[in-house]
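To start, the structure itself, in structure tokens.
Side-chain atoms are counted along with the backbone in the values below, which use heavy atoms only and exclude waters and symmetry mates. Read the numbers this way: they start at 1 and go in the same order the structure lists the ligands and their atoms.
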Amino acid sequence: MARNPVPVVLIGVGVLWLALSSDRPQPVADRRRAHRGSIPMQGEAVMAVSRENLTAWLRDAHAMENQAIEILEKQASRLEHYPELRAKVRTHLEESRRQAERVEHCLHQLGTDTSSLKTAAGKLIGTAQQLSGLFASDEVLKSGIADYAFEHYEIASYKMLIAAANEAGEHEVRRTLEENLREEEAMAEWLGQHLPEVTRQYLHREAAGKSAKV
Ligand SMILES: [Fe+2]
């Protein structure tokens, strides 16, 4: 019987977070506080700080979406006995590709050069394998748990980005990010509703001696 996959998923998400947060310059606010004590910053200074962080976090979000695409691509070509889940994975794969494009568009709107984005995504290779459950005998269920965890990681990221865009006064960027957030929430909702049925199908297949892994 397979082991409880939750720790593996949490470690995977943790590794992803560490990968995304490495090589980050010290935030502007920290540097200023170091020089000026804890003088509260208002108005334009807050907007400037928000804008600088927003740009860095959007680059993380772009890497995050590339990671999602990598995981979903693997699943979309497998899951042969779970057509409904596979169809949803394929739909969300297309959504994730559009989300990555939207994030790139946001970076362009902030005047950021996006030519080095692919390099940032390259750092995360390896995490996908941890998150995909590729080697598990109950791969479909490990994938489901990983997808559900990853969607919530994305939801948290977009909520943070939306708040930063708001503080930066970048309302068009905020609206674009809200589109991505809605899609992630819808995917998380779908998974939350359908994972029990996928589990039921898995158990029935196994009980009938049928191939149940994917
Ligand atoms: Fe997603």
Side-chain angles (χ1 to χ4, degrees), residues 5-6 8-21 54 56-79 82-107 114 117-118 120-134 139-165 173-199 214:
V6 173
V8 177
V9 172
L10 292 177
I11 289 166
V13 172
V15 168
L16 177 61
W17 181 82
L18 284 172
L20 288 173
S21 54
L54 177 61
W57 294 341
L58 280 167
R59 295 177 79 86
D60 291 345
H62 193 268
M64 173 182 77
E65 287 302 345
N66 278 342
Q67 184 73 85
I69 289 164
E70 198 183 326
I71 293 168
L72 294 170
E73 272 174 350
K74 281 199 178 82
Q75 294 175 1
S77 62
R78 297 167 68 85
L79 301 177
Y82 304 89
E84 198 184 359
L85 177 60
R86 186 178 57 192
K88 190 66 183 175
V89 162
R90 286 180 177 171
T91 303
H92 195 57
L93 173 59
E94 290 312 311
E95 277 177 346
S96 299
R97 288 180 176 137
R98 285 195 297 274
Q99 288 168 354
E101 284 171 10
R102 284 189 203 122
V103 170
E104 201 168 335
H105 180 69
C106 289
L107 282 162
T114 55
L117 282 178
K118 291 233 163 20
K123 282 165 47 176
L124 301 173
I125 288 172
T127 316
Q129 213 160 53
Q130 274 179 287
L131 289 171
S132 65
L134 264 186
E139 180 182 327
V140 61
L141 303 180
K142 297 292 191 293
S143 298
I145 294 167
D147 290 354
Y148 194 65
F150 203 92
E151 289 310 318
H152 285 86
Y153 180 86
E154 291 179 306
I155 287 167
S157 300
Y158 282 119
K159 285 188 174 182
M160 183 194 77
L161 282 163
I162 288 163
V173 169
R174 173 177 55 78
R175 281 191 289 275
T176 303
L177 294 169
E178 281 169 350
E179 273 185 77
N180 283 12
L181 175 62
R182 277 194 293 276
E183 290 174 354
E184 306 298 15
E185 285 176 335
M187 182 60 175
E189 174 80 15
W190 191 94
L191 286 169
Q193 284 175 2
H194 288 79
L195 288 181
E197 173 58 19
V198 172
T199 309
V214 283

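- Residues meeting the ring pair (Phe, Tyr, Trp, His ring centres under 6.0 Å) test with H105, sequence neighbours left out: none.
- Look at E154 and the Fe ion (ligand 1): an N/O/S atom of the residue is under 2.8 Å from the metal.
- In the model, D147 has a side-chain atom that pairs as donor or acceptor with a side-chain atom of Q75 under 3.5 Å.
- For E151, the nearest N, O or S atom to the Fe ion (ligand 1) falls under 2.8 Å.
- With sequence neighbours excluded, the residues that form a side chain to side chain contact (heavy atoms under 4.5 Å, CB included) with E178 are I162, R174, R175, R182.
- Electrostatic pairing of E101 and R98 does not count as a salt bridge here, judged by no charged N lying under 4.0 Å from a carboxylate O.
- Among the heteroatoms counted here (N, O or S) of E184, OE1 is the one nearest to the Fe ion (ligand 1).
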